[in-house]
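Let me begin by presenting the structure, written as structure tokens, before commenting on it.
Being a predicted model, the structure only gives us computed values, none of them experimental. Basis for what follows: all heavy atoms, side chains included, without hydrogens, waters or symmetry-related copies.
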Amino acid sequence: MKATATRPKIMVTGGGRGVVGHAGARLLADLADATGLTSVFSQALSGVRQRQGGHDPGRIAVDLAVMIADGGETIADLAVLRDQGALFGPVASDPTAWRLLSQLDETLLAQLRVARAQAREVAWAQHAEVRGPAFPQVSVAGRQVEGLVLDIDATIVICHSEKESATRTWKKTFGYHPLLCFLDNTGEALAGLLREGRAGSNTTTDHIIVLEQALAQIPDTVRHGTPILLRSDSAGSSHGFLAHIRALRAQHLDVRFSVGAAITEAVRAAIEAATGWVPAVDTDGDLREHAEVCEITGLIDAAGWPPGTRFLVRRERPHPGTQLSLFDTVHGWRHQVVATDTPPGNGGIQHLEARHRAHARVEDRIRTGKDTGFGRFPSRVFAINQAWLHLALTGIDLIAWTQTLLLHGDLARAEPKKLRYRLLHVAARLTRTARRTHLAITADWPWTDALTSAFNRLAALPRPAG
């Protein structure tokens, strides 16, 4: 067989100078400075600084968040930043980073959450300045969902070694069971609570904690007066959690819910008695074949549910391999029920049901989030892993702010893996002339213009005062 040469022959040496990798990650680091995140983290952690000449704890935390956003999985991956001091400046050693994480108790994490909310307020103000006052809106079935949409969901993170509070999960695996909240409008990670593996799926207290932390991340001027929709699967349908959501209205927060509901015997009877089925639509607004929707609010006893709760049921022909209950098997339909307190006149039942089904996007947020920090935890100590989760959420925010403030087109909607492959991990050449450092990206790279334009937009962002 005759060999065909498809690549040019090369000679590999290690003598290159002025070449850096992961050049696009500098965009994340500079954005942390531009939004004030580095500054407020430094203020929040000023009390743990051991000596004036040492590394700033806030800067260490930001470097960890940047490393996580760039795809790092362990603290040792800080070497990618540290070994390129000409690009990223001085970066703490691994032992110093470990020491900081071990000091982040619940008090300091609360201060970091406050700091992250301050940086978010700046980032949203910058968005209004450069992109216009209209905040990104969620669109479902060809119609915008007014205001902010928060998605709460839990996930299992498998641990392959003994870690504190890692336990057997309800799926008979072993690990943690964190509860998370994402903002569907922008993909920002508002809150997260690391829990032991055996933590319940519908724990009212945990849901309230995560919701309160998520609401605290929203700037005051937006949180008050803006409609907020909270979506969850049936784990968020506990009566105590829904009563808490309803009580928020007394604090002048316009928060409503759309949650999955369990199919009890009374619900099955209501489904059998239901009439007026209409064709269901998917999240793109197209009719969904072999799927129908009906409202069964007046057919079931709503005792224990907040006043005004409505119940919608969707039925569709099951796909091959779908696990069905005996009720579904007998009737030949797969049923799902949604409970919402959105009053009549705010969209038909087709739209409200499709609006809830868009909650499935949180699965993508969690999937990509596991590739951005919380898919594995570095320590055997639970408190350190909780701190790592917080920095992972910060890294996810940096990616979201980069996309909303600095990128356009497909890159503004791309998943983190694509951003890393195309922008963050790009190589470049560093040169110094006239006491200035220049970062030159190859002209042949298909996304050079996108990256250089992002750096130019970053330089033009209005900075917080002080």
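Side-chain contact check for L211 versus I208: every heavy-atom pair is 4.5 Å or farther apart. Taking 4.5 Å as the limit, some side-chain heavy atom of L461 sits within range of a side-chain heavy atom of V130. For the pair H390 and T394, the minimum side-chain heavy-atom distance is below 4.5 Å. Between F135 and L148, the closest side-chain pair of non-hydrogen atoms falls below 4.5 Å. Side-chain contact check for V140 versus V149: every heavy-atom pair is 4.5 Å or farther apart. Contact of the Q213 side chain with the I209 side chain is registered, since non-hydrogen atoms from C-beta on lie closer than 4.5 Å. Counting only heavy atoms from C-beta outward, the side chains of W401 and E188 approach each other to under 4.5 Å. Side-chain contact check for D397 versus R116: some heavy-atom pair is nearer than 4.5 Å.
Looking at H425, its side chain never comes within 3.5 Å of a backbone N or O of Y421 through a donor-acceptor pair. Using modelled atom types, one side-chain atom of R310 and one backbone atom of T342 make a donor-acceptor pair closer than 3.5 Å. Under the 3.5 Å distance criterion, the side-chain polar atoms of D284 are left unmatched by any main-chain donor or acceptor of D286. Between the side chain of D77 and the main chain of T74, a donor-acceptor pair closer than 3.5 Å is present. Checking side-chain atoms of N385 against main-chain N and O of S379 turns up a donor-acceptor pair under 3.5 Å. In terms of modelled atom types and a separation under 3.5 Å, the side chain of R231 and the main chain of R355 share a donor-acceptor contact. Of the possible polar contacts, none joining the S237 side chain to the D233 backbone as a donor-acceptor pair under 3.5 Å is found. No donor-acceptor distance shorter than 3.5 angstrom exists from the side chain of R120 to the backbone of T35, with no hydrogens or angles considered. Counting only distance, with no hydrogens or angles, the side chain of Q336 and the backbone of G260 share no donor-acceptor pair below 3.5 Å. Here the side chain of Q403 pairs a donor or acceptor atom with the backbone of L411 at under 3.5 angstrom.
With W388 as the partner, the side-chain contact (heavy atoms from CB on, under 4.5 Å) test is satisfied by one option alone out of L194, L393, I75: I75. The only option from H177, R367, K370 that meets the side-chain hydrogen bond (donor to acceptor under 3.5 Å, both in side chains) definition with T155 turns out to be K370.
A salt bridge links R268 with E265: at least one charged nitrogen is closer than 4.0 Å to a carboxylate oxygen. Using a cutoff of 4.0 Å between basic side-chain nitrogens and carboxylate oxygens, R195 and D206 are scored as salt-bridged. In summary, R361 and D184 engage in a salt bridge, as defined by a charged side-chain N under 4.0 Å from a carboxylate O. Ionic pairing of R422 and D410 is not present here: no N-O contact between side-chain nitrogen and carboxylate oxygen is shorter than 4.0 angstrom. A salt bridge links R198 to E196: at least one charged side-chain nitrogen sits closer than 4.0 Å to a carboxylate oxygen.
The nearest pair of heavy atoms linking G347 to R143 is CA-NH1, 3.2 Å. A pairwise comparison of heavy atoms in R288 and D282 identifies CB-N, 4.4 Å as the closest pair. Nearest heavy atom pair, residue I300 against residue A266, reads CG2-O, 3.8 Å. Here the closest non-hydrogen pair linking P306 and L242 is CG-CB, 3.8 Å. A pairwise comparison of heavy atoms in P136 and T186 identifies CG-CG2, 4.0 Å as the closest pair. Heavy-atom minimum distance, V381 versus E164: CA-OE1, 3.6 Å.
Using the six-membered ring where Trp is involved, W447 and W445 have ring planes that are perpendicular, over 60° apart on the 30 and 60° scheme. Under the 30°/60° scheme for interplanar angles, the aromatic rings of F382 and Y176 are found to stand perpendicular.
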Practice problem: Could you walk me through whether M67 and L64 pass the side chain to side chain contact (heavy atoms under 4.5 Å, CB included) test, one step at a time? | Solution: CA-CA 5 Å; M67 179 268 291; L64 283 168; 3.8 Å; yes

Practice problem: For the pair D371 and K417, evaluate salt bridge (Lys or Arg N to Asp or Glu O under 4.0 Å) and give the outcome as yes or no after the intermediate values. | Solution: CA-CA 8 Å; D371 290 331; K417 182 179 179 180; over 6 Å; no

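Note on residues 260-305: pairs passing ring-ring contact (aromatic ring centres under 6.0 Å, His included), not counting sequence neighbours, are H239-W305, W305-F311.
Rounding to the nearest 0.5 Å places OG of S42 at 9.0 Å from CG of L37. Distance check, rounded to the nearest 0.5 Å: CG of N185 to CG of L229 gives 10.0 Å. Atom CG in L424 sits 13.5 Å away from atom NZ in K418 (nearest 0.5 Å). A distance of 10.5 Å separates CD1 in I399 from CD1 in I68, rounded to the nearest 0.5 Å.
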N/O donor to acceptor pairs below 3.5 angstrom from side-chain atoms of residues 103-111, sequence neighbours left out:
| residue | atom | partner | partner atom | Å |
| --- | --- | --- | --- | --- |
| D105 | OD1 | T107 | N | 3.3 |
| D105 | OD1 | L108 | N | 2.9 |
| E106 | OE2 | R113 | NH2 | 2.6 |

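Every residue two or more places apart in sequence or in another chain was checked for a side chain to side chain donor-acceptor pair (under 3.5 Å) with E162, and none qualifies.
Cation-pi geometry between R317 and W333 is met: under 6.0 angstrom from the ring centre, within 45 degrees of the axis.
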